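Note that the coordinates shown come from a computational prediction; the quantities given were computed from them, not determined experimentally. The chains referred to below are lettered A, B, ... by the order of the sequence lines, with proteins before strands, and numbering in each begins at 1.
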2 protein chains.
Amino acid sequence: MSRVPQETRARLLDAAVELFAEQGFHGTSVRDIALRADVNVASANYHFGSKEDLYLEVLRSQFAAIRARLSERRAKVPVEEIAGLDRDELVALLRSRITAMLELFVGHPPSRHARLMLREMLDPSAALPVAVDEFMRPEIEQSKAILSRLEPDIDDETLEQCLFSMMGPVIYVTLARPALLLMSGREEYPADFAEQVGRRMTEFSLGGLARIARIARGEDA
Amino acid sequence: MSRVPQETRARLLDAAVELFAEQGFHGTSVRDIALRADVNVASANYHFGSKEDLYLEVLRSQFAAIRARLSERRAKVPVEEIAGLDRDELVALLRSRITAMLELFVGHPPSRHARLMLREMLDPSAALPVAVDEFMRPEIEQSKAILSRLEPDIDDETLEQCLFSMMGPVIYVTLARPALLLMSGREEYPADFAEQVGRRMTEFSLGGLARIARIARGEDA
DNA sequence: CCGGGACATGAACGATCGTTTAAAACGATC
DNA sequence: GATCGTTTTAAACGATCGTTCATGTCCCGG
């Protein structure tokens with residue numbers, strides 16, 4: 001019995017995304033994936049060669065999807081147009097980016113994209129360069145472009161360190177969600193979490209940036 | 001042949017810490033642990049009951065160790081004395097805490113403490129409440145005490161969100177180390193990374209806090 | 001000197017792992 | 001409708017998994 005062309009492959013990929021995201025590479029068996037995809041165990045090896053190749057295919061497909069999803073949700077401004085924005089527009093753009101990433105990462109249910117990304121950070125595989133080139137580097141470059149327009153006095157290396165303080169909190173609330181919820185006694189982040197926390201993180205970052213800029217200008221001790 | 005009492009148990013625990021930190025629970029076999037500990041396979045089950053119990057024991061032992069290690073490295077001030085510090089002392093205390101955590105987490109070689117902690121965040125086990133109670137909650141409470149002295153105008157909930165922006169970057173550079181190194185083309189973080197980045201993160205946070213405080217006071221749009 | 005509790009050991013258990021095999025079933029082409 | 005490459009399938013492979021068991025060795029109080 002043969003289905004629509006490539007359907008088995010697609011079903012396997014979908015199931016693999018979900019299970020690898022939830023339980024990790026070693027915590028997921030090929031049989032589990034085949035069972036959830038409702039296909040034969042051997043299909044996985046037929047279509048992907050090996051469990052590891054399937055995993056890499058999952059990562060590749062997701063890293064591309066993350067940028068696409070992010071682009072859907074946030075204000076779109078090509079890098080070359082950033083130079084023409086005024087301060088208010090730059091701030092709005094920054095908040096839009098932070099909030100979009102929060103929405104994508106800490107939405108309900110917990111994002112598979114985010115979990116796969118976090119797993120790849122913690123246990124890098126052969127797909128790490130793909131994650132870096134397809135997702136991290138573009139994100140960081142775009143953010144740097146905005147920041148250097150906002151605060152032209154900050155040199156490049158310092159700007160990159162400032163980015164730690166801007167991306168970090170988003171990663172943190174994503175990764176530590178179970179712990180933070182346990183600590184607060186809540187069952188789940190409130191519905192407006194991304195909106196509210198995104199605004200706060202943006203303001204915090206603007207203040208941080210301003211202070212770093214003042215120091216760079218030698219205005220502050 | 002019997003060794004010093006409890007030595008086998010201790011050797012197993014040491015080996016387990018290293019392997020679980022490096023490869024995770026599912027990525028590590030009991031035989032690997034026994035092999036590295038240079039003891040018989042059955043010893044693991046004899047001393048700990050099961051692989052899972054051994055894992056929980058590893059986590060418990062490490063969470064206690066993390067706070068102890070942190071306390072060694074940073075300025076020690078009991079919570080009740082924070083109320084008596086002036087601004088410069090508070091700032092120095094804050095930087096001391098951030099730098100100490102950076103040193104512990106991103107030192108060479110990569111900290112087993114940090115990796116186990118990150119794993120527990122990503123895939124919580126029965127030990128998560130221990131991690132929260134033994135490490136996260138005390139750390140956060142102490143930080144909150146310092147922050148609320150620095151900026152008394154910020155309400156409690158907002159202060160907790162500001163903590164996202166202060167702890168987050170430390171977690172981020174720990175978790176994303178391989179990716180960040182790959183992106184920068186470097187082999188390893190520079191030797192003064194904790195010192196330099198810690199200073200920057202502290203200044204960034206001070207600026208962020210100040211801006212949130214201004215907004216709380218209604219001074220800023 | 002003896003008995004018993006604590007620990008170490010090699011071997012084996014059944015279960016599950018990723019992968020392979022050979023044959024069956026299919027759709028497209030002539 | 002026969003043929004061919006593609007896909008699906010059930011079954012089995014050897015390896016490795018966590019765990020158990022029976023036996024052996026050790027130390028210690030009597």
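- In terms of phosphate contacts, B:Thr8 brings no side-chain nitrogen or oxygen within less than 4.0 Å of OP1 or OP2 of C:dC7.
- Taking atom CG of B:Asp32 as the reference point, atom C1' of D:dC17 lies 11 Å away to the nearest angstrom.
- A:Arg31 places its CZ atom 12 Å from the C1' atom of D:dA10, with the value rounded to the nearest Å.
- Distances shown here put a side-chain N or O of A:Ser29 below 4.0 Å from the OP1 or OP2 atom of C:dC17.
- For B:Asn40, a side-chain nitrogen or oxygen approaches OP1 or OP2 of C:dG10 to under 4.0 Å.
- Note on B:Glu22 versus B:Arg112: no salt bridge recorded, every NZ/NE/NH1/NH2 to OD/OE distance being 4.0 Å or above.
- A salt bridge links A:Glu7 with A:Arg11: the closest approach of a Lys/Arg side-chain nitrogen to an acidic carboxylate oxygen falls below 4.0 angstrom.
- A salt bridge is absent between A:Glu141 and A:Arg137; no separation between the charged side-chain nitrogens and carboxylate oxygens falls under 4.0 Å.
- Dashed line: the shortest gap from a side-chain N or O of B:His47 to OP1 or OP2 of C:dA8 is under 4.0 Å.
- Applying side-chain contact (heavy atoms from CB on, under 4.5 Å) to A:Leu59 and the options A:Arg119, A:Met117, A:Glu120 leaves one that passes, A:Glu120.
- Across all strands shown, D:dG14 is found opposite C:dC17 as a Watson-Crick or G-U wobble partner, with both distances under 3.5 Å.
- Whole-Å rounding puts the A:Asn45 CG to C:dT20 C1' distance at 8 Å.
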